[in-house]
Amino acid sequence: MYEEAALELMAGVAASLGMSAEDGEIVARHLVDDELRGAVGMSRIFIFADEVARQGPQRTEPITVTRESDFTAVVNGGGHHGLVVAESATRLAIAKAQKSGIAIVCARNHRYSGTLGYYTELVARNEMIGISVASGSFGSVAPYGAREGRLDTNPIAVGFPTTAEPIVWDIATSAISGSDVYRRLVTGEELPPGVALDNRGEPTREPAEALAGAILSWGGYRGSGLAMVIRLLALLSGVAPFPAENGEFAFLVIVIDPSLFLPRGEFERRAAEFAAGIRAAQPAPGFSSVRMPFDRSIQVRAQRRRDGIEIARAVYERLDSIRRSGVVPVQTVHSPREKPT
């Protein structure tokens with residue numbers, strides 16, 4: 001499937017899920033870019049589709065700024081999809097940083113946040129440094145040492161401009177992303193070992209059992225601690241420490257103009273020099289080269305724009321069914337998690 005057809009498919013899916021044409025175009029562009037870069041992308045919409053199936057389309061109001069200074073803002077997402085709200089917040093932060101040199105923007109009252117590297121790449125391509133974090137309300141990730149969920153997948157991304165392509169680092173603090181669990185639920189694939197627990201706190205490789213139980217933290221206590229820090233930063237948006245399940249999400253983006261500290265263009269030159277030095281390192285046995293974060297994404301994006309995107313048949317059929325019939329298939333019903341005794 002080529003990019004144009006994928007965008008058309010996803011815009012149709014978004015419309016069937018009750019989004020406006022403008023919101024649908026933003027969501028489609030984001031999710032298709034994920035696929036172009038080789039990440040889980042178009043199937044991310046299944047999480048939202050599941051919610052619409054159970055609760056109906058989300059009512060929306062205009063996105064507004066509820067608190068603001070020259071270099072800060074708090075955005076009320078008005079119930080719009082988080083991909084729309086986070087992009088709006090990022091563009092606002094870029095505009096403020098272009099005038100003030102630095103900006104911090106928080107957003108709330110939306111659902112989901114998407115791939116944070118999408119926003120920090122946008123910042124980096126505007127010749128600034130971007131740092132973003134997000135936190136949700138599923139409580140689907142177990143803190144280190146726990147057997148039930150208290151955290152979300154709580155991702156973080158950082159983007160840097162260079163004289164060539166940007167450097168973007170983007171991770172979730174969970175052992176596997178929620179969107180990948182949903183994708184595997186649709187395709188019938190098992191989870192990798194050691195990434196999830198069922199609702200009794202026992203290890204599982206079944207996606208449905210993981211959704212009823214908990215995902216483990218990435219990196220043990222280090223990843224778990226980072227997830228807690230991200231949640232604390234998210235509190236700046238005004239969300240509760242532990243929102244009700246399917247409650248609000250939070251998004252925060254920091255934008256820094258390097259010319260506050262160095263002559264314009266100097267940071268980009270030094271960042272490119274640093275990246276070249278890393279790539280020049282002697283590869284270890286079993287590795288053909290040493291890469292910087294985002295190198296693979298840039299290569300795969302170019303290749304897939306040329307050759308097309310491969311979509312699993314089960315994923316395509318589910319997406320096409322939503323687009324054509326407007327019937328939203330429920331992937332799994334989230335019942336209240338049974339607490340282990």
Side-chain angles (χ1 to χ4, degrees), residues 1-58 60 63 77-91 110-119 121-122 134 136 153 155 157 170 177-187 249 251 297 300-332:
M1 175 180 288
Y2 287 98
E3 182 177 4
E4 184 176 349
L7 289 168
E8 181 181 353
L9 170 62
M10 294 310 297
V13 170
S16 290
L17 295 175
M19 293 185 210
S20 68
E22 181 180 4
D23 283 9
E25 188 275 330
I26 293 170
V27 169
R29 177 163 32 85
H30 185 126
L31 297 180
V32 171
D33 188 68
D34 286 344
E35 292 288 348
L36 288 170
R37 293 189 299 102
V40 177
M42 293 159 69
S43 61
R44 283 177 178 266
I45 202 72
F46 294 144
I47 303 175
F48 184 68
D50 184 14
E51 185 174 298
V52 172
R54 291 181 285 112
Q55 301 177 8
Q58 177 77 40
T60 60
I63 298 172
H80 289 260
H81 195 286
L83 275 61
V84 177
V85 177
E87 182 169 327
S88 176
T90 301
R91 292 188 183 279
H110 62 274
R111 304 286 294 140
Y112 317 110
S113 299
T115 300
L116 299 194
Y118 184 86
Y119 312 117
E121 181 185 3
L122 177 61
T153 57
D170 180 358
S177 70
S179 56
D180 197 15
V181 176
Y182 263 80
R183 182 189 65 81
R184 291 169 184 268
L185 188 68
V186 173
T187 62
F249 278 51
F251 174 80
S297 291
V300 172
R301 182 191 276 158
Q303 179 262 318
R304 291 190 173 188
R305 279 184 166 150
R306 182 183 67 247
D307 301 334
I309 304 167
E310 291 187 12
I311 305 294
R313 178 178 294 276
V315 170
Y316 175 80
E317 289 177 350
R318 193 63 57 90
L319 291 169
D320 192 48
S321 174
I322 297 172
R323 176 181 62 168
R324 288 185 294 102
S325 66
V327 174
V328 183
V330 178
Q331 307 303 320
T332 181

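Computed from a prediction, not measured in an experiment: that's the story for all the values here.
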Considering all heavy atoms, the nearest [X]-[Y] contact:
X: A86; Y: S113; value: CB-O, 4.3 Å
X: G18; Y: P57; value: CA-CB, 4.4 Å
X: I63; Y: S88; value: CG2-OG, 4.2 Å
X: G24; Y: A14; value: CA-CB, 3.6 Å
X: R29; Y: Y118; value: NH1-OH, 2.8 Å
X: A157; Y: G117; value: CB-N, 3.7 Å

(request) Show your working on side-chain contact (heavy atoms from CB on, under 4.5 Å) between H81 and H30 and close with a plain yes or no. (result) CA-CA 12 Å; H81 195 286; H30 185 126; over 6 Å; no
Does the side chain of [X] reach to within under 4.5 Å of the side chain of [Y], using non-hydrogen atoms?
X: I309; Y: V32; value: yes
X: E8; Y: E4; value: no
X: Y112; Y: R44; value: no

Check: [X] side chain, [Y] main-chain N or O, donor-acceptor pair, under 3.5 Å:
X: S177; Y: D180; value: yes
X: S16; Y: I322; value: yes
X: R304; Y: E35; value: yes

(request) Using the side-chain contact (heavy atoms from CB on, under 4.5 Å) rule, take V27 and M10 through it: C-alpha gap first, then chi angles, then the decisive distance, then the call. (result) CA-CA 8 Å; V27 169; M10 294 310 297; 5.8 Å; no
Separation between [atom1] of [X] and [atom2] of [Y], rounded to the nearest 0.5 Å:
X: M19; Y: H80; atom1: CE; atom2: NE2; value: 11.0 Å
X: L9; Y: L31; atom1: CG; atom2: CG; value: 10.5 Å
X: I311; Y: D320; atom1: CD1; atom2: CG; value: 12.5 Å
X: T90; Y: L122; atom1: OG1; atom2: CG; value: 6.5 Å
X: R323; Y: Y316; atom1: CZ; atom2: OH; value: 5.5 Å
X: T187; Y: R313; atom1: OG1; atom2: CZ; value: 14.0 Å

(request) Take Y182 and V40 through the side-chain contact (heavy atoms from CB on, under 4.5 Å) test and state the conclusion after the steps. (result) CA-CA 10 Å; Y182 263 80; V40 177; over 6 Å; no
(request) Report the residues that fulfil salt bridge (charged side-chain N to carboxylate O under 4.0 Å, His left out) with D33, sequence neighbours left out, ordered by chain and then residue number. (result)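 Result, salt bridge (charged side-chain N to carboxylate O under 4.0 Å, His left out) vs D33: R37, R301.
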(message) My understanding is that only residues two or more places apart in sequence, or in another chain, count here; which of them pass ring-ring contact (aromatic ring centres under 6.0 Å, His included) with F251?
(response)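 F251 satisfies ring-ring contact (aromatic ring centres under 6.0 Å, His included) with Y119 once adjacent residues are dropped.
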(request) Check the pair M42 / V13 against side-chain contact (heavy atoms from CB on, under 4.5 Å), numbers first and verdict last. (result) CA-CA 10 Å; M42 293 159 69; V13 170; over 6 Å; no
